[in-house]
Amino acid sequence: MSLLMKALVIGVLMAALISFCFNLGNEFTFVLFGCPIIVIISSIIGFLVTKKWYIVPGITLILFTILSFTTFNESFFFWVIVYTLIAVLVCFIMLFVKKGAVK
């Protein structure tokens, strides 16, 4: 499977999980607890699938930017940056753990 196809599948699964979790409770709980957990899990899985550190943060940035303008309001863009930074951090941690495991 090509890298683009893997990224597309990860993006669709993230969107489905986000929309499912959003319908469970109120928005604040979802933004504060649900989204970071989704971002961390999808960053780990996405890094293991694609083996590239920049794919999942890019998907996270695009997906949450779209959600910022369609589901939430403009003030949610702060959280878009936070979630993207979380995705970058998790992917770098996975990269260093994987490099340490190879040695």
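Computed over heavy atoms, backbone and side chain alike; hydrogens, waters and symmetry mates excluded.
Remark: Ser75 pairs with Asn73 by the side chain to side chain donor-acceptor pair (under 3.5 Å) rule, at least two apart or across chains. In terms of the side chain to side chain contact (heavy atoms under 4.5 Å, CB included) criterion, residue partners of Lys52 (sequence neighbours excluded) are, by chain and number, Leu3, Thr50, Tyr54, Ile55. Under the side chain to side chain contact (heavy atoms under 4.5 Å, CB included) criterion, Phe96 pairs with Phe92, not counting sequence neighbours. Among residues two or more places apart in sequence or in another chain, the side chain to side chain contact (heavy atoms under 4.5 Å, CB included) test is passed with Ile37 by Ile41.
With hydrogens and angles ignored, the 3.5 Å screen pairs no side-chain donor or acceptor of Ser68 with any backbone N or O of Phe64.
In this structure, CG in Leu48 is found 10.5 Å from OG in Ser43, a value given to the nearest 0.5 Å. Note: Phe77 CZ to Phe69 CZ = 6.0 Å, rounded to the nearest 0.5 Å. In this structure, Ser42 OG and Leu63 CG are separated by 9.0 Å, a value rounded to the nearest 0.5 Å. Separation of atoms CD1 (Ile45) and CE (Met94) is listed at 10.0 Å; rounding is to 0.5 Å. Atoms CD1 and CZ, on Ile81 and Phe76 in that order, are 11.0 Å from each other to the nearest 0.5 Å.
Contact record, Val56 with Phe47: CG2-N, 3.9 Å, taken as the closest heavy-atom pair. Summarising the geometry of Tyr83 relative to Leu32, their closest heavy-atom pair is OH-N, 4.5 Å, with the distance given to 0.1 Å. In terms of heavy-atom proximity, Val90 sits nearest to Ile44 at CG1-CG1, 3.8 Å. Across every non-hydrogen atom of Thr60 and Val39, the tightest pair is CG2-CG2, 4.2 Å.
The hydrophobic cluster around Ile62 extends to Ile66, counting ILVMFWY residues whose side-chain heavy atoms fall within less than 4.5 Å of a member.
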Donor-acceptor pairs under 3.5 angstrom involving side-chain atoms of residues 7-15: please list them, not counting sequence neighbours.
none

